[in-house]
Each structure stands twice: as C-alpha cells, then as structure tokens.
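Below is one structure, written out as structure tokens; the observations come after it.
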Amino acid sequence: MKKKNFIGIISNSKIYLLFFLTFTCILKNETISQPSGGPYGPIYQVYDIPKVSGKIYFVSPDGIPENSGESISEPTTIEKAISKAKTGDAIILRGGVYRTGNLVFNQGIIIQSYKDEQPVFKGTYVATDWKSLGNGLWITKWDRLFPSKPADWWMRDREGKKTPLHRFNNDMVFVNGKFLQSAGWEGEVDENSYYIDYDRGVVYIGTDPTNKLVEITAFDAALIRTTKEVNGMKPDKKGPKIKGITFTQYAYRALEVEGTEPEGPADEKTFGKDVVGTLIENCTITFCSRVAGYIRGDSLVIRHCKVSDTSTEGIYIISSNDVLLEKNIFTRNNIERITGYYPAAVKIFNQCHRVTCNDNLVIDLPYSNGIWYDVGNVDGVFINNWIENVGNNRTELNINQPWPSDNGFFFEISKGAICAGNVFVNCDHGIWVLNSSNVKVYNNTFINSTACISRNARVAAGDHFGWHASTGPDIDKREGHEFVNNLLYADADFKRPLLYVWQPAQLCDKLIKPQLNILDYNYYVRQSNNYDILILWSPFKNEKCQSSFKNLEDLKNLYPQFAKNSKYYADYDKPIFKSFELHDFHLLKSFADSTSGSKVPEFMKKFIKTKKSYIGAYPVD
C-alpha cells in the first residue's frame, strides 16, 4: 500500500490544502528564516534495499519463523528477525498489518519498508467473541489488560473532579478504527465509549459488534531499543534507523529508546551516550494510550513523521544532545483530555542540549501544549515552525498569572534559546518563556497569539518536583531575553494583550531589573480597538507589581531604552497580509512598515540568512 500525502490525512484538510499552496514560493537565491510550506509528515518513498555490511532479513505478516528470511521469497517473522539482527544488518518489511509488540533489541539495525509498501504495526488484537446483554451492551472476556494509576505527583484533590481515575488505565478499544473513550461503569457506556471490569476481565461496548472490526490493545509497546543484554547480544550504543513504518494502537508507547536520566544537575558528558544516532523517518505514529515514543540518546533525528492522537505526550525526548526534529506533523495530543498532567505534543525534558526544532507543523492541539523545552535545556533552537490552534485563545486571559495555559513554544527552567522565523496562529500563548535566561525571539509572526515572558520564585527546595528548578538559572538570573523584529497582529475578536511580561508581587523588591535586555523593532497591529491593553508589564512599583500599557508611548515613558523603533497600529482595518483567509501572512508592500525592522545581528545570521531588514517571519518579496 502506498503512502499518502499529508494533505489527505490531516484534519481540516481543506484549509491546510489552501495553506500549503500559498507557501510554495521562496526568495530567489536566498535561504531565509520562515516556514517552508512543506511537504510535512511522511512523504512518498520507494525504498532501495540498503547496502549494509551484514545480513538482510525479509519479513512479512505471514512470514514463517523457521525461514531464515535472507530471501525475499521466503520471509521470516518480524519477531524472529528482531531476535537475530545485529548492527550492520537490515530488516525489510513487506506491506500489511503486523499485530505484534514488545520486540526488544539492543543493536543499531535498519528497520524499513520494502519499496513503496506500507507495513503497519498494530498493538491490538481483533475481538470476535461477543455476547449481547440485551440492554444495549455487549461484553467479551479479555486477558491482555493494562490497568494503571496516575503518577504519584498527580494532584487528585485538585484534578480528580475533572479527570476520573479510569482515564489513567492504558487500554484502548476501537470499532472500525474509531477510538472509544473510557467510561467509569456500565451505565456510562454508549456508542462512543467502553468500560472494563478489571476484576472479571470483561470489556463492555455500546455498539453492536456484528460485522464490525473491534480491536482491543494487546501490547504496550512495539519496538524497545534497550540498553541491557538481550537476544544473546551485548548493547553496542548504536541507535536504530526506522523508516517508512506506521505504528498504531499501543497501550503505552509505540517506540522506546532507553538511556541514562540524571536525577539532578549533571554534565552533558554523563548522559545521552547509551544509544547514539537514532533515526526515525517517514513514520506515522498514532493512537498510543500514553506516548508515541520515549526517545533518549545523542544525535537523534526525527524527520518527516506524523505523530497524532496521543494522550499525555506525542514525542518525549529525554536527556539527549544534538537532536533534530524537522518537517514533522504533530497534532491531536491529549485525546483523553487528562488534566494535571501538563501534556505536550513534543516534550524535550531533563537537560537536553542543542535540540533543534526546524520547520515542523504543530496544529490542532486544543488541550495540549505544542513543543515544550522543559527543565534544564541548554541552547535550544526553535526556527521556521508553523504553530496553529494550540490551546484556547478566546477565553478571558488571567492577568494575575500566565497559567494555566497551553503554549505553542514553551521554554521553561532552561538556559539559552533561539526562537526565529516561526508563525503562531490562534494560540493560547504563542510562546511562553518561564524562569529561563537568554532567549532570543526574532522575526516571528504572532496572529491572535500572545507572547509571554515570565519568572517567579520557584526553586528546588520544597518544590513539588524536587530538583527540577535547580537545572535552570537562579532566580536573579532569569533575564537576558531579546524580543526584536516581531509582528504581533490581533483581529477584531482577539481580546487579549499582545505581549505579557510578568512576575509576582513577592519578587517586586528583589527583582527590579527587566527580564528583557532588548525590546524593539516590534510592530503591533490591532484590527479593532475593542481591547485596551496592548502590553502587560512587570516589574512595576505597585501592589501587583504590574502595569498595563494601552500604547507604546506609555511604555517608552517609563522605559526609554525600549521600543524606540517599534510601532502600534490601533484600529487598523486596512489589508496587511497577502491573504489572511488563506493563511498567507506575507506582508503587503502597501503596508507602510513592510520593509522595516533592524539589521540581523551577527549571532542570528546562522538562522536568518538574508541581508534584508524585515518584521515578522517573511521578508517582503
């Protein structure tokens, strides 16, 4: 089965087709910082048989375990091939459905599809033995169940009213491919849900299963690259190359690469070395009850993948260095709507260094963060990404604190990042920089998406998460940010500040220096003057340690070093973009400041390779 272009598989396909078509042109002979327009996600490939130093193993869904698999005409099973393959070998998968999982290996093998065929790993078995109870419910016995509990840091007293405990079980049920939500007892079950009696091992559904495909999870993982000895082999510290495969319907996660995780501040030389060089390319990972993949190890690359319909996280990168995520689609995380778990389509966690997210499509995440650099990250690079519909930006903003919130780009308790050339559309917060230092935010376009920079008094001592805060800058070092050449636009329905700089009143006497070193050459545009706060600002000497500015002149009067070359267009209803309706946010030449902006500083030239001065993500062509 051939792969499909991303346009055919993404939600809201009509608008994203229009969006894709509007971004097919780039400036001649120049590489610039901006979303490319794709293609994103898996792309059609005809894979050659790789040239390897070792053996080639051919497998198929109906392969025979006794076959060696070294001939395409006599394929073996994926289970047999995984148990035999070692670094230098390749496993080539014929198309079809592989209902299998918990396949453990410790070698740097290649696992890829055969030519343009589509192998699909499924973590479910088909349930066929159903009994009608005569009351609109059907039951079956099931002996592969995955009961679970929330993590010990989950606050039941605060979240239990919103998230029932059965949401934390890892089982999943599908009817004709449709995901069903869990229910707490038989009386809640309808055509969209299921209930499991774990004491009796019985699954209830509210849909007549006759002539329907009903699938129930049977494995909690597909592939596990362990750091332990397995299959009679010692681990060799080389990551696998996984290409052209779909993974779906796993009870916990589809992929895992094991590795060392520091429990406190650590030198990057002490982690990320257990498995180096993992590549995941042109893969689709969907409907994992918790996470699509827990990945550890230096020199990781995830490229042209689609990760969707996950629960607590999509991709979870842990304690890894020199990582690249490029041209992926990340969408529809937290489909169970679990609260108190701080979900993210991508979480980059625990002292990762130099993780680059370049030119990804991060969309349709109403109950989740987008890409979150969380705890002790160093020198992150977030460039050229398109971030849309993350969280809810139509509710009233809490001006007393920036949370709870969902954020397109979230950089927390970390040191140093470049955020450039991104487009944020209809997000709760486009960016949120929290308790971090030295984040350089240049040439981004914010459409109905607040930019937020904040700090509070959080430290490791007495903290709910213990050592986490100790991996970032100290309280008095949470500064040094730059916000330059950004375009912030609000339509008539957006009633929030465009820039939100915050700290709590308890820090007002202690931290009197602004969090930003540079704030200039930014252009703020409101289509309608129906909301009177342009910027919320801290620190400010009053009871709340906060002031609100209706215009830039108020800011300049208090802080003359800021916004000298910035402008505010209030109640501006003239056209500004090539096509707002088609999501083409190139500025029109007729817009007075379309070619304004500061020169690109030397340290940004690595990311913005054009001599033109401009605002927002797109130079005027």
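All values derive from a computational prediction rather than experimental measurement. Because only heavy atoms are used, hydrogens play no part in the values below, and waters and symmetry mates are left out as well, while side chains stay in. Counting from 1, the numbers follow the sequence of the chain as shown.
- At a cut-off of 3.5 Å, with distance as the only test, no side-chain donor of S289 or S311 sits close to an acceptor on the other residue.
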Might you work through the salt bridge (charged side-chain N to carboxylate O under 4.0 Å, His left out) test for D364 and R332, ending with a clear yes or no?
-> CA-CA 6 Å; D364 294 342; R332 297 194 303 273; 5.5 Å; no

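- Distance alone, capped at 3.5 Å, places no donor-acceptor pair between the K80 side chain and the I78 backbone.
- Shown here for S60 and D62, the closest heavy-atom pair between the two residues is OG-OD1, 2.8 Å.
- For an aromatic pair to be called close, the ring centres must be under 6.0 Å apart, and H583 with F585 satisfies this.
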Passes side chain to side chain contact (heavy atoms under 4.5 Å, CB included), W130 versus I205? Steps please.
-> CA-CA 10 Å; W130 292 93; I205 60 173; 3.7 Å; yes

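- Within 6.0 Å of the NZ atom in K212, the count of heavy atoms belonging to other residues, nucleotides or ligands exceeds 12.
- For Y367 (side chain) and D406 (main-chain N/O), no donor-acceptor pair under 3.5 Å exists by modelled atom type.
- Within a 6.0 Å sphere centred on NZ of K241, heavy atoms belonging to other residues, nucleotides or ligands number more than 12.
- Side-chain contact between F409 and N385: absent, with no pair of heavy atoms (C-beta onward) separated by less than 4.5 Å.
- Here CG of L223 is found 7.0 Å from CD1 of I245. Values are rounded to the nearest 0.5 Å.
- In summary, the side chains of S36 and D359 do present a donor paired with an acceptor at a separation below 3.5 Å, with no hydrogens or angles considered.
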For side chain to side chain contact (heavy atoms under 4.5 Å, CB included), just list the numbers for L300 and S320, CA-CA rounded to whole Å, side-chain angles, deciding distance to a tenth of an Å, and then say yes or no.
-> CA-CA 8 Å; L300 163 69; S320 304; 5.5 Å; no

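- Under the 4.5 Å side-chain criterion, counting only non-hydrogen atoms from C-beta, L279 is in contact with K243.
- Side chains of T331 and S308: no donor on one and acceptor on the other come within 3.5 Å.
- Taking the six-membered ring for Trp and thresholds of 30 and 60 degrees, F58 and Y114 have ring planes more than 60 degrees apart, a perpendicular arrangement.
- F219 and Y252 have their aromatic ring centers separated by at least 6.0 angstrom.
- No donor-acceptor pair closer than 3.5 Å links the side chain of K55 to the backbone N or O of K86.
- Closest of all the heavy-atom pairs between L93 and I111 is CD1-CG2, 3.4 Å.
- E281 pairs in a salt bridge (charged side-chain N to carboxylate O under 4.0 Å, His left out) with only one of the listed residues (R303, K306, K327), which is R303.
- Considering only heavy atoms from C-beta on, I72 comes within 4.5 Å of R94 through its side chain.
- Of the residues D309, T248, T246, the one that meets the side chain to side chain donor-acceptor pair (under 3.5 Å) test with T286 is T248.
- In this structure the side chain of Y373 never reaches within 4.5 angstrom of the side chain of C352, judged on heavy atoms.
- Taking CG of N407 as the start and OG of S368 as the end, the distance is 10.0 Å to the nearest 0.5 Å.
- Using modelled atom types, one finds no donor on one side chain facing an acceptor on the other under 3.5 Å when comparing S68 with K84.
- Using the six-membered ring where Trp is involved, F287 and F174 have ring planes that are perpendicular, over 60° apart on the 30 and 60° scheme.
- Between F168 and W154, the distance separating the two ring centers is shorter than 6.0 angstrom.
- Checked against the 6.0 Å centroid criterion, the rings of Y294 and F349 do not qualify as a close aromatic pair.
- Using a 30° and 60° split on the angle between ring planes, F410 and W372 fall in the parallel class, below 30°.
- Among R253, R225, K228, the single residue meeting the salt bridge (charged side-chain N to carboxylate O under 4.0 Å, His left out) criterion with E258 is K228.
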Before giving the answer on side chain to side chain contact (heavy atoms under 4.5 Å, CB included), spell out for F271 and K269 the whole-Å C-alpha distance, their side-chain angles and the decisive distance to 0.1 Å.
-> CA-CA 6 Å; F271 55 83; K269 295 177 182 178; over 6 Å; no

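- Taking every heavy atom of both residues into account, R144 and D171 meet most closely at O-OD1, 4.1 Å.
- A donor-acceptor pair under 3.5 Å is absent between the side-chain atoms of R167 and the main chain of R337, judged by distance alone.
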Side chain to side chain contact (heavy atoms under 4.5 Å, CB included) between I91 and I82, intermediate numbers included | CA-CA 8 Å; I91 298 174; I82 285 285; 3.9 Å; yes

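- Taking the side chain as every heavy atom from C-beta outward, F105 and L103 never approach each other to under 4.5 Å.
- Remark: the backbone N or O of R200 is paired with a side-chain donor or acceptor of K141 at under 3.5 angstrom.
- Listed for the D379 side chain is no donor-acceptor partner under 3.5 Å among the backbone atoms of R354.
- At least one side-chain heavy atom of N102 sits less than 4.5 Å from a side-chain heavy atom of D220.
- Remark: the T124 side chain and the R99 side chain contain an N/O donor-acceptor pair separated by less than 3.5 Å.
- When all heavy atoms of N422 and A617 are compared, the closest pair comes out as O-CB, 3.8 Å.
- Side-chain contact, N333 with T310: a donor N or O sits under 3.5 Å from an acceptor N or O.
- A 4.5 Å side-chain heavy-atom check between I387 and F382 finds at least one atom pair inside the cut-off.
- The two residues N389 and C427 come nearest to each other via the heavy atoms N-SG, 4.1 Å.
- Distance alone, capped at 3.5 Å, is enough to place a donor-acceptor pair between the N328 side chain and the C305 backbone.
- The six-membered or imidazole ring of Y250 lies away from that of F121, with a centre-to-centre distance of 6.0 Å or more.
- When all heavy atoms of K238 and T87 are compared, the pair lying nearest together is CD-CG2, 3.6 Å.
- Panel note: side chain N192, backbone L180; no donor-acceptor pair is recorded below 3.5 Å.
- With hydrogens and angles disregarded, no donor-acceptor distance shorter than 3.5 Å links the side chain of E336 to the backbone of R290.
- Side-chain atoms of Y342 and D374 include no donor-acceptor pair closer than 3.5 Å.
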Between D197 and Y204, does a side-chain hydrogen bond (donor to acceptor under 3.5 Å, both in side chains) hold up when you go through it step by step?
-> CA-CA 8 Å; D197 183 332; Y204 292 74; 4.9 Å; no

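- Annotation: side chain of I196 is in contact with side chain of V203 (closest heavy-atom distance under 4.5 Å).
- Side-chain N/O atoms of S71 and S73 include a donor and acceptor closer than 3.5 Å.
- No side-chain donor-acceptor contact under 3.5 Å links S83 to the backbone of N231.
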